[in-house]
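What follows is a short report on a single structure.
The first residue of the sequence shown is numbered 1, and numbering continues consecutively from there.
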Amino acid sequence: MSQAAAKAPGVLEKSGDANRWKALVFIALAQLMVVLDATIVNIALPSAQTDLGISDGNRQWVVTAYALAFGGLLLFGGRIADLWGRKRAFVVGLTGFAAASALGGAATTGAMMFGARALQGAFGALLAPAALSLLAVMFTDAKERAKAFGIYGAIAGGGGAVGFILGGVLTEYLDWRWTFFVNIPFAVIAALGAYFVIREPEGGRNRNPLDIPGVLLSTLGLVSLVYGFTRAESDGWGDTTTVSLFVASAALLVAFVVTEAKVKAPLLPLRVVTDRNRGGIYLSLGVAIIAMFGTFLFLTYYLQVIKGYSPIKTGFAFLPMITGMMIGSTQIGTRLMTRVPARALMGPGFVVAASGMFLLTRLEIGSSYASTVLPSMVLLGLGMGTAFMPAMSLATLGVEPRDAGVASAMVNTSQQVGGAIGTALLNTIAASATTSYIKDHIAAATSKSQAQLVQMQGAVHGYTNAIWFAVGMLVLAAVVVVTFVNAGRPGSTTVTGSGSASSEGGEETEDQVAVPVIAH
């Protein structure tokens, strides 16, 4: 390592912090908790709705309240992490998330449940970018960074599927309230571990005053965008409120960009997103998540409604995808990350995932899990795990330490917005195709059983139409990567965070230089 790198602020020598691997355990545990919470409550929702007397029209707020708070406050949470310090933001986020989870588990009314979910989202928006930025500033050696982000990427990609399993087990054998209470031990262990183990490098804080106009514009703009897609799913794309939300979101976000270009201490320094590599990562992740959220949604409905699987059996049916993600991230991605450029992992990874998605377009009522669903899940897992791993690392590699939190928040923002778009857009495509199919075929049904068969065939027809769109999204993600991401091997440098990058071998070649650090 060069002398400049050794002396740069925010750098940890390879042997400088013996606790960083212990810290990774607690960071990973916290990330797992946040990702689990995005899906674990879904399976418990029918039981909670009955117990609390929540109407069908209001039940969406159990999911929407979390999504709005989390998506809308992510950039603010990332900036707070840069201001307070990542460790403090991480511990505060965990503590608040645990308290909100306890409130949700003890809820006696629908309003109390909605409030708890909104609080979970708000503290999650502080916790998630703090966790990723801690990795970015603690793991600077190339090979160690590859291993750390391999573990983190696998959890970020597969945690949602684990949520289906855990949610099914807790709901069926205990009570829906345990889908909230289960977060408390996760949070307590992670917070105590982080407090005693994590040693954040010095010199990486951004102590500039908060950009209040930027906070307001970005929060309102992202909330309008996420809620717009939520409304589109339930009330249609032509609904007056839906259109108004999209128009307001566009105006607010344009005003946000203009503001960030002019203020002295912006909430989101444009240097973070205008770098072609990071911009390409954010865009490709958002596009790919559109496809992934649709897969979780339609496969869950297909297995439970069409195939008659129980919640637990449905959850375990997702295990091959989780396994594939773990292998793709911790074995394929980690082993190749320091040997090949990022796009040589991400591009093929998205293509492999698209091939798995393509298999799902063949779904029929009588399709076998073993011959159709299983291989598609394995390919999806392998592809997404391989692509996620370098994406998580490259999205924060080369940023100045003072911007680590907000750069990490952009990763989560792209995923959150992609998820909102995917759920609304793919649901709309599926519903439209189902309605059209049933309209064309229901007249031929001469009995109640035949009519039910047509409705099931229509549902599967809708799923496959939406899945075709998801295939296109994954192919588009691969195209975005090949077009924009031109960095060399993402793990081939030791990150200094001071405005320079030096290769491990002492010589810099075009292939060895990772993301160039943008000057102040």
Side-chain angles (χ1 to χ4, degrees), residues 24 27-28 31-32 34-36 38-39 131-132 135 139 143 145-165 281 284-296 299 317-360 373-397 411-412 414-415 418-419 422 470-471 473-475 477-478 480-481 485 489-491:
L24 175 61
I27 293 171
Q31 174 64 13
L32 178 61
V34 172
V35 177
L36 280 176
T39 55
L132 183 56
L135 287 190
F139 289 90
K143 293 182 179 179
R145 185 180 178 90
K147 292 177 183 177
F149 276 90
I151 295 168
Y152 187 90
I155 291 172
V162 176
F164 286 116
I165 299 174
I281 293 293
S284 64
L285 278 178
V287 170
I289 290 295
I290 291 175
M292 285 299 293
F293 267 61
T295 303
F296 287 162
L299 278 180
F318 279 94
L319 269 179
M321 183 186 293
I322 301 170
T323 303
M325 283 184 173
M326 294 294 291
I327 293 172
S329 186
T330 63
Q331 299 302 312
I332 300 173
T334 299
R335 292 176 186 275
L336 296 180
M337 182 176 160
T338 57
R339 302 178 184 178
V340 299
R343 63 180 175 186
L345 284 174
M346 292 183 64
F350 286 136
V351 170
V352 169
S355 68
M357 195 74 76
F358 173 76
L359 291 179
L360 291 177
V373 179
L374 176 60
S376 72
M377 284 194 169
V378 171
L379 289 172
L380 273 167
L382 283 172
M384 294 302 284
T386 301
F388 267 37
M389 191 268 155
M392 291 292 179
S393 178
L394 198 61
T396 55
L397 182 61
V411 177
N412 291 283
S414 64
Q415 292 177 313
V471 172
M473 289 293 96
L474 287 171
V475 172
V480 169
V481 166
V485 180
R489 298 194 293 273

After noting the C-alpha distance and the side-chain angles of Met326 and Met321, does the key distance pass the side-chain contact (heavy atoms from CB on, under 4.5 Å) rule? CA-CA 9 Å; Met326 294 294 291; Met321 183 186 293; over 6 Å; no
Just do the side-chain contact (heavy atoms from CB on, under 4.5 Å) check on Leu360 and Val471 with the steps written out, would you? CA-CA 9 Å; Leu360 291 177; Val471 172; over 6 Å; no
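Atoms CZ and CE, on Phe350 and Met473 in that order, are 12.5 Å from each other to the nearest 0.5 Å. Rounding to the nearest 0.5 Å gives a distance of 5.5 Å between CG of Leu285 and CE of Met346.
Heavy-atom minimum distance, Ala291 versus Met357: O-CE, 3.7 Å. For Ala131 against Ile27, the heavy-atom pair with the smallest separation is O-CG2, 3.6 Å. Between Ile281 and Ala391, the shortest heavy-atom contact is CG2-O, 3.6 Å. The minimum heavy-atom distance linking Val481 with Gly347 is given by the pair CG1-N, 3.9 Å.
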With a 3.5 Å cut-off and sequence neighbours excluded, list the donor-acceptor pairs that the side chains of residues 373-389 form with protein atoms.
residue	atom	partner	partner atom	Å
Ser376	OG	Thr372	O	3.4
Ser376	OG	Val373	O	2.7
Thr386	OG1	Leu382	O	2.8

